[in-house]
Trainee: 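Mind having a look at this structure? Questions to follow.
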Amino acid sequence: MPSESVATIPGVGPKLSGLLERLNIRTKLDLILHLPFRYQDRTRTSPLRDVHSGAEHYVQGQIIDIDIVERPRPSVYVTISDEEGHRLNMRLLHYSRRQMSQLSEGMWLRLWGTVRLGRKGLEMVHPEYRAFKYEPDPPPPEYVPVYPATHGLSSARIRGLIQRSKGETSFLPDYKHFGSTLDESIRFLHEPDPSKGIAGLKSAEERIAFDELLAFNLLKQRRHLQQEKLQTLPLSTARTALADEFLSSLGFVLTSAQKRVVDEVLDDLGQTNPMLRLVQGDVGSGKTVVAALAIVRAAENDVQTAFMAPTELLAEQHHETLSEWLTPLGIQVGLLTGRLSAPSRRTRQKAVASGEDSVVVGTHALFQKSTQFKSLGLAIIDEQHRFGVHQRMLLRDKGRMPHQLIMTATPIPRTLAMYLYSDMDISKIDEMPPGRQEVETTVHSSNQRDAVISGVERELRKGHQAYWVCPSIDERDPTDGDFHGTMDVIKELGPKLPGVEIGHLHGRMAGDEKTRVMTDFRAGIVQLLVATTVVEVGIDVPNATLMVIDDSDRFGLAQLHQLRGRVGRGTQKSHCALLYDTPISETSRQRLNALKTCSDGFELAELDLQFRGAGEVFGTKQSGTENFRVADLALHRHLLDEARIVARSLMEENPELASEIIDTWTPSESDYAAV
Ligand code: ADP
Ligand code: MG
C-alpha cells in the first residue's frame, strides 16, 4: 500500500521513523519518492591540476607524505601527488591508530570530497577515501545518488534504506507511458545506469513527473464532474442596505480591483451552482474586505459563513477585524479555535448550532465533527495553500453545499493558474490600496554580513523589530551545500547583539509554542525573530521594519516577495536585506536584483518561472504555489498538455486505472493543496 507507514519496513524503529518524518517521509511511497537531488559523477577521476576550491572532486594519487600536526587543531595531513606532480592533502581531524597504520607513503589513494583551500594548500577534509597498495585500475563507472538528508540521517543511510526497500514498489500501477512504468523510472533514479548518461536520468525524472501531473489532472476532472452536478441555495441580491452601510463605515473606498472582484463574487453567490472561486491578491491588497462583503450577502440571506484561517493567530486577527466591521451591522462573529477551553468551545459551538453566530472564524477546529452549523451557506478559506483538499471536503459535508471562496496571496503566473485551477473561477485583485510604502530592498554578499548585522542593531535601537529568515533549522552542514540554519544564526547573532531579545520560530515547533513566540513578537517582547519560512504567511506586526533573508538565492522570487511582505505594514519606512554567500552565478545575482526594482508579485512569479524554465535551479524545492512532489511546473511545462489529454482519455477508457493512479499519488486526496 502506498500509504503504509515506513515503520512497517523491517529495521525502521521509532527513532529512524522520527528522523524520516523530518524529511516528510511517513509512508512507503514517501520513501521511494524521496529522490536524489543530485548525483556524484564517479565515472572518472579528474587530474589534480583541474581541482579547485569549493567544488566536489573525485581524484587519485600516490601518497608522498604523512604529516601529523598539533596546532591549531590536531590533524593528520596525507599528501598525494599525481604523475604531473600536482598535489592535494587529505586532512583528518580524528582518526584511529588502526586507520593510520593502513596508510603509508607510496600507497595510492582515491578520494571523493569537496576541495577547499587550507593552511597547507588545497585539501579535502574527511573525504570518502579508499587506499590501494598498487596503482588501481580505473574506477567502475558509477553515479552515486545524493539524497536530501537531515541531522542524524545521512544521505548514505537513506540510500541504504531505499536499497533495502526495493521490494516495496509492487503497489505502483502497472501503466506504461513514454516506454516505461512509474516503477521502472523510480528504480532507475535510485540506481542509475551510467551508460544511459544524464539523459537517462532526465527522462526517468520526466516519466515520474508525468505520472504525478496525470494524477493531478485525473483528480481535477473527477472533482469538476462532481462540482457541475451540485446544487445549492442561491444567495440572491441585496435585500437590505447592509452592504452600503458597511462600505460607508469603512473609512476608505474600495479600489477598482476590489470592486470588480466583489461584483464577481456576488454574482456567483446568486447562482444555484455553488461558487468555487479563487481570489488572488498580493499581500496587503485587501482581500479581507472582499470576504466581508460576501459575508454580508450571506447574512442577508440568513445563512452562516465559516471563515478559515491557517493558524490560530491569523484566525484571531480576522476575528478582531470582522467583529469590528460587522458587529455594528448586527452580524455576530464567533471565534472557534483549538486554544479555547472546553467550556467556551462548547458555548461557541452552541452559538453556531443555533445560528446565533452568523460568522465563525477558526482553524481546523471548525472541521471537527462536533461543530454543527444551523445553515452553512458560505465557506471562506484564507491562504488556501495551507489547507488540504481533504479539509475542504470535510467542510462541505457540514451544510447543503456551501459556496466557496478561497483567498490566496501566493502569486501564480497566469498561464499556470489556468492549469492549476481549471476547476475553479479566478479573480485577481491586481491593484494595491493607495499610499502603500514600498519595501526598500538591497542585496548583499557575505562580505557585508557584519554591516547587515550592524544595520539590524541600529533598527532595533530605534525601537523597531526585525525578522531574520533562514532556509532551514538545522545547523550548518558543510556536506550539504553549506547554507545557514536558524540555530547557527542564533548562535552567531547572540554575542553580536548583546541585550537583544531573540526569538526562534520554525516549523518543527509545537503549535502552541509557535503561537507563544509570535505573541511575544507581536507584543514587542521579542525584538528579533529568527525564523524559517513559516513567517511567510504570518502575522501582521507593523512595528517590524526590517527583514534579513539569509541565503536568499535559495528561494524563489515569489517566495522572497511574500516574505518581504511581512514588513512595510506600518507607517515606518521598511527595508529588506537579501544576503547571499559568495560565489553565486550571474543569473542568481540578476534574479535577486529583480527584487530591488520590482514589487509586483505576479510579475516576479512569471520571472521565476522563466528563470526556472531556463534550468536555473534553486537547491531547495520550492514551496508555495505547487505542492507537487516531483513535478515542477516550470521544468515540466512541456508535459502539461499531454498530461491533460491523456487524463481525459484514461478517465473514459479505463476509470479503474485512473483511480489507481490518483490513489497512488494522493492517498487521502490531501496532498494537493492546489485543487
Ligand atoms: P490581504 O489581502 O493581505 O489579506 P488585508 O485585507 O489584510 O490584505 O488588507 C490590508 C490592509 O489594507 C488592512 O488594514 C485593510 O483594512 C486595508 N485596506 C483594504 N482595502 C483598502 C482600501 N481600498 N483602501 C485603503 N486601505 C485598505
Ligand atoms: Mg489576508
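Predicted model only: the values in this text are computed from it and were never measured. Hydrogens, waters and symmetry mates are skipped; everything else that's a heavy atom, side chains included, is used. Each ligand, and each atom within it, is numbered from 1 in the order the structure gives.
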Trainee: Name the closest protein heavy atom to atom 20 (N) of ligand 1, giving the residue it belongs to and the distance to 0.1 Å.
Mentor: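 Answer, as residue, atom name and distance: Q258 NE2, 3.0 Å.
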
Trainee: The test is side-chain contact (heavy atoms from CB on, under 4.5 Å); show your working for L493 and I453 and say whether it passes.
Mentor: CA-CA 8 Å; L493 296 182; I453 296 172; 3.7 Å; yes

Trainee: Only heavy atoms count here, so choose which of K287, H318, M407 is nearest to atom 2 (O) of ligand 1.
Mentor: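 Nearest heavy atom to atom 2 (O) of ligand 1 lies in K287.
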
Trainee: Looking only at non-hydrogen atoms, find the nearest pair between P274 and P402 and report the distance.
Mentor: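 Heavy atoms only, the tightest pair is CB-O, 3.9 Å.
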
Trainee: Write out the residue and atom name of the closest protein heavy atom to atom 22 (C) of ligand 1, then the distance separating them to 0.1 Å.
Mentor: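 The answer is F252 CD1, 3.2 Å.
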
Trainee: Would you find a donor on one side and an acceptor on the other, under 3.5 Å apart, between the side chain of K287 and the backbone of Q258?
Mentor: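 No; zero donor-acceptor contacts below 3.5 Å.
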
Trainee: Taking the basic N atoms (NZ, or NE/NH1/NH2) and the acidic carboxylate oxygens, is any pair closer than 4.0 Å for D430 and R260?
Mentor: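 Here D430 pairs with R260 in a salt bridge, since their nearest N and O are under 4.0 Å apart.
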
Trainee: Under a 3.5 Å threshold, yes or no: a donor from one side chain and an acceptor from the other, between Q349 and T371?
Mentor: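 Present: a donor and an acceptor within the cut-off.
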
Trainee: Looking at K573, I want to see if its NZ is surrounded by more than 12 non-hydrogen atoms of other residues, nucleotides or ligands under 6.0 Å.
Mentor: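 Count over threshold, so yes.
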
Trainee: What protein heavy atom is closest to atom 9 (O) of ligand 1, reported as residue, atom name and distance in Å?
Mentor: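 Heavy-atom neighbour on the protein nearest atom 9 (O) of ligand 1: G286 CA, 3.6 Å.
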
Trainee: Which of the atoms in ligand 1, numbered in the order shown and given with their element, are less than 4.0 Å from a heavy-atom of T255?
Mentor: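 Reading through ligand 1 atom by atom, the close ones are 23 (N).
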
Trainee: May I ask whether D282 has any heavy atom positioned less than 4.0 angstrom from an atom of ligand 1?
Mentor: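 Within the 4.0 Å threshold, so yes.
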
Trainee: According to the interplanar angle, ranging from 0 to 90°, do the rings of H318 and F307 count as parallel (below 30°), tilted (30 to 60°) or perpendicular (above 60°)?
Mentor: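 Tilted.
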
Trainee: At less than 4.0 angstrom from any non-hydrogen atom of V253, what atoms of ligand 1 do you find?
Mentor: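 Selected atoms, number and element: 22 (C), 23 (N), 24 (N).
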
Trainee: In terms of residue, atom name and distance, what is the protein heavy atom nearest to atom 3 (O) of ligand 1?
Mentor: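 The closest heavy atom on the protein side is G284 N, 2.6 Å.
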
Trainee: Quick one: nearest non-hydrogen protein atom to atom 11 (C) of ligand 1, plus distance?
Mentor: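 Checking every protein heavy atom, the shortest distance to atom 11 (C) of ligand 1 gives R436 NH2, 3.6 Å.
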
Trainee: Would you mind checking which non-hydrogen protein atom is closest to atom 7 (O) of ligand 1, with the distance to 0.1 Å?
Mentor: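 The closest heavy atom on the protein side is T288 OG1, 3.5 Å.
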
Trainee: Has S285 got any heavy atom lying under 4.0 angstrom from an atom of ligand 1?
Mentor: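 Under 4.0 Å: yes for S285.
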
Trainee: How about V289 and F246: do any of their side-chain heavy atoms sit closer than 4.5 Å?
Mentor: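 V289 vs F246: side chains touch.
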
Trainee: Heavy-atom count around Q590 CD within 6.0 Å, excluding the residue itself: above 12?
Mentor: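 Yes, because the 6.0 Å sphere around CD of Q590 holds more than 12 heavy atoms from other groups.
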
Trainee: Please tell me if atom 14 (O) of ligand 1 is touched by the protein, where touching means a protein heavy-atom distance below 4.0 Å.
Mentor: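 Answer no: nothing from the protein, no heavy atom, is under 4.0 Å.
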
Trainee: Within a distance of under 4.0 Å, is there any protein heavy atom near atom 27 (C) of ligand 1?
Mentor: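 Answer yes: something from the protein, a heavy atom, is under 4.0 Å.
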
